[in-house]
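Have a look at the structure below before the remarks.
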There are 2 protein chains.
Amino acid sequence: MTDAQTFHEAAAGLLGPRGFTCDPDLLDRWLTDWRGRYTGRALGLASPTSTEEVAQFVRLCAKHGVPIVAQGGNSGMSGGATPDDTGDSVILSLRRMTAIRHLEKDSMQITCEAGVILQTLHEAAEKEGLRFPLTLGGKGSATVGGLISTNAGGTQVLRHGTMRAQVLGIEAVLANGDVFSGLVPLKKDNRGFDLKQVLIGSEGTLGIVTAATLQLAPAIGERRVAWVGLAGIAQARQLLMHCEQQAGDALEGFEVLPRHCLDAVLAYLPDTRSPLENEHAWYALIELVAPAGATDGLDTLMETVFETAMERELLEDAVIAANESQAESFWHLRESISPAERAIGPAMQHDISVPVSRMAEFVETVSPQIETRFPGTLVAGFGHLGDGNIHYHVLAPEAAVAGEWEEREGKAISAFVHDRVTEYGGSLSAEHGIGQMKRDELGRLGDPVSLRLMRSIKQALDPQGLLNPGKLVPLAPETARP
Amino acid sequence: MTDAQTFHEAAAGLLGPRGFTCDPDLLDRWLTDWRGRYTGRALGLASPTSTEEVAQFVRLCAKHGVPIVAQGGNSGMSGGATPDDTGDSVILSLRRMTAIRHLEKDSMQITCEAGVILQTLHEAAEKEGLRFPLTLGGKGSATVGGLISTNAGGTQVLRHGTMRAQVLGIEAVLANGDVFSGLVPLKKDNRGFDLKQVLIGSEGTLGIVTAATLQLAPAIGERRVAWVGLAGIAQARQLLMHCEQQAGDALEGFEVLPRHCLDAVLAYLPDTRSPLENEHAWYALIELVAPAGATDGLDTLMETVFETAMERELLEDAVIAANESQAESFWHLRESISPAERAIGPAMQHDISVPVSRMAEFVETVSPQIETRFPGTLVAGFGHLGDGNIHYHVLAPEAAVAGEWEEREGKAISAFVHDRVTEYGGSLSAEHGIGQMKRDELGRLGDPVSLRLMRSIKQALDPQGLLNPGKLVPLAPETARP
């Protein structure tokens, strides 16, 4: 029996026929990421149902030297959960670990397994009059394990922080099969290095998250949503600061988009119209919230914020949603930008952050540079202005052929964007992570000391290099050079 | 010339006479921690004034194999900044690095060097109409570098989190003298492992923090402070949940203390009286705040919260401070607990956390156990109930002789407390860190997998073991056993 056969038999024996398969029909859909950008091969798909099974399986892989690609909802944005094309790796799916182990209403804490889907988590919290204050487009597939491993963001980061801020404790299986049991629901714990922080955002390269204790928040009592027309992104920034000062913690969301994005959405969605009568260069979507039981002052607050903003000429026009259904419709416009742009044609997408104070300058300076350098392109930046994070898309010229254009122009465009972002002291990955998509760019532009530190930690925690090889951690210069 | 002489000369040459000294008169006060619990020896005191000087000095130490004990305000609670008694180490003081490099009002961010004192940071923020939302008793001496290295807490954690939550970026010198430049003022950055998280709370064992970019918060517009009488700690917990639900983010502080603590404070402070007419078994200090410009609803909110609490019998009596000076006086009572208890006599102090939901049960069960097992002692737990963190003091019997009693009984009492805390899924260090005080206890009670992980990371980042040896990281079992 070859070593591969021995491994297969042992894996099947350990996890059973539902827990381990090499059947291409079952394996295939997990070999390509949801956007179809990356496809790899794998020698099998493991789907354990308990932490102990994960630990035993990881030990087996360590023994046989089999690399492990952990996978949640397979809805990542950077190819981090797609295996490489060697076919040497096994996919370790956490999707069957779906237990909500514990929800403590009084403490507003939930402990759930890695495979719990974000939408399910939202519903579990809502049932208890609470909420989990992080959401994103892929909420119907993204899992708790994936959200933690990528330190996911979304539209509520302004107020509540990224996934990291929601995590009270995690349980994870390390490269040698040890189980790190850090599910402590403690709000304060200073017993040495905060080990969970090392694992959060490490994209399966340092350990495999199997469960987490998450902080829930009180349910929102009411919200008020406004759609605002603006002269430009610089004015959006002024208005953001005004809202932060006036509304404080009531400010739950502040998203921006240029006119082009709204036009694309209106063309894409049937039977919709712009919330405002006239056109504006930029728009902002602003949400204020009040906790349940303390909603009295919300209308007053909203009115004060906008009246003073009008007086100070921080906006051109604004409409406050008259009811929840109109509020939903405003948000629907924002959430339809990505599909609307996909319908127009190919684009190079970048998930970047720069210091909030420099975002307007960045957009106003760099966008024309790109459009000049790559004639026919159109730059559309939209998203989380309050976090200094925008999704910065470079749309192909009208005549461009999908696939061909990205192949020919994509790398140069992205390198240009990342170079500018780096000059502005920004990040080439604000919330989507590194995965396989940006690993080489991180190696090219990352601070050498940071890269050395990352490699040291990777080497210390995964000396065999079996956890998600080829992802996130850039190769050392001597290895990377041809 | 001996190697020691070579090192001294090179250090003096590098840092100048003010930057490096072996003069016992100058060195002495930094060899003992502020509470006088730990005293060590050192071969010199280095006081560099720039990151580059720190880096060069660390390189020099690495070359000569000289261990480095980083020190800020020397006001730590666990002896983490006091050298051991070998005299082999050098103290690296960050106190001369006091520059506020940058304060950006619009972005509410400040970048300052490690030696900036917390009080100075508060004042710098206030001058711009902002605030730094972390405070603690030692604010007149604690430095930014020390606060980050110990992930300090305080009375505002309930609402704003520990120091970790305030840090946007750090700059640190690593064991080999490399400068980790992570001062990015980015709100979102997912470029691989979050390296700053590894350094925060590592107590100078993985690197030396030289500067940080911190998040500021809008100034408080107004606050309302209430002093509440309670039947017991279980009722305090009920009231806390009520406040969280009703007041949401307006709840800035929730501190508790038993009658004994108030009595001690009233005896200690001249001309003070209890805020309430009658005595109660427990008291809570509750603060609600509103941001500047949105203070209208605060009185209504406070009244609603307390009226409904009265209706639901969640408290026995309450008084809302009539003005800011009375609010100050309530807080002064809370802040005087530690000195008041010190005036009474010796005590074994523990800084513990348990899950918030189990705190009442813990106090009600374990305190009598201790008082039975160690006759004559009195247990006083007070502090941050909202964080599940209390300072849990075991006061000596009346006849006990200071020094002698701690020597004879201290270790057994602390071990008993830590054993119980561990049974309750809690932490033996909620906010004061490990230092040298709790390292052996962490080794005894810590999860073996976590301890192995800590040692791996320590070994990877400081292979020579020169950064703050003997602190925080418990020895491996094979080394620790005699």
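Everything numeric here is computed off the predicted structure, so don't read it as measured data. Protein chains get the first letters and strands the later ones, always in sequence-line order, with residue 1 at the start of each. We use all heavy atoms of the structure for the numbers below, so side chains are in, but hydrogens, waters and symmetry mates are not.
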B:N151 backbone acceptor or donor facing A:N190 side chain under 3.5 Å: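 Present.
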
Heavy-atom cut-off 4.5 Å, strictly under: side chain, backbone, both or neither for [X] against chain B?
| X | value |
| --- | --- |
| A:E431 | both |
| A:T308 | neither |
| A:R159 | side chain |
| A:M241 | side chain |
| A:D106 | both |
| A:V179 | backbone |
| A:D249 | both |

Of all the heavy-atom pairs spanning [X] and [Y], show the shortest one and how long it is.
| X | Y | answer |
| --- | --- | --- |
| B:V449 | A:F180 | CG1-CA, 3.9 Å |
| A:R191 | B:L428 | CD-N, 4.0 Å |
| A:L186 | B:S353 | CD1-OG, 3.8 Å |

Is [X] close to chain A through its backbone or its side chain, or both, or neither, when contacts mean heavy atoms under 4.5 Å?
| X | result |
| --- | --- |
| B:L206 | side chain |
| B:D189 | both |
| B:L174 | side chain |

Nearest 0.5 angstrom please: [X] [atom1] to [Y] [atom2], how far?
| X | Y | atom1 | atom2 | result |
| --- | --- | --- | --- | --- |
| A:L195 | B:Q197 | CG | CD | 12.0 Å |
| B:R164 | A:K188 | CZ | NZ | 13.5 Å |
| B:D462 | A:S456 | CG | OG | 11.5 Å |
| B:L453 | A:L199 | CG | CG | 7.0 Å |

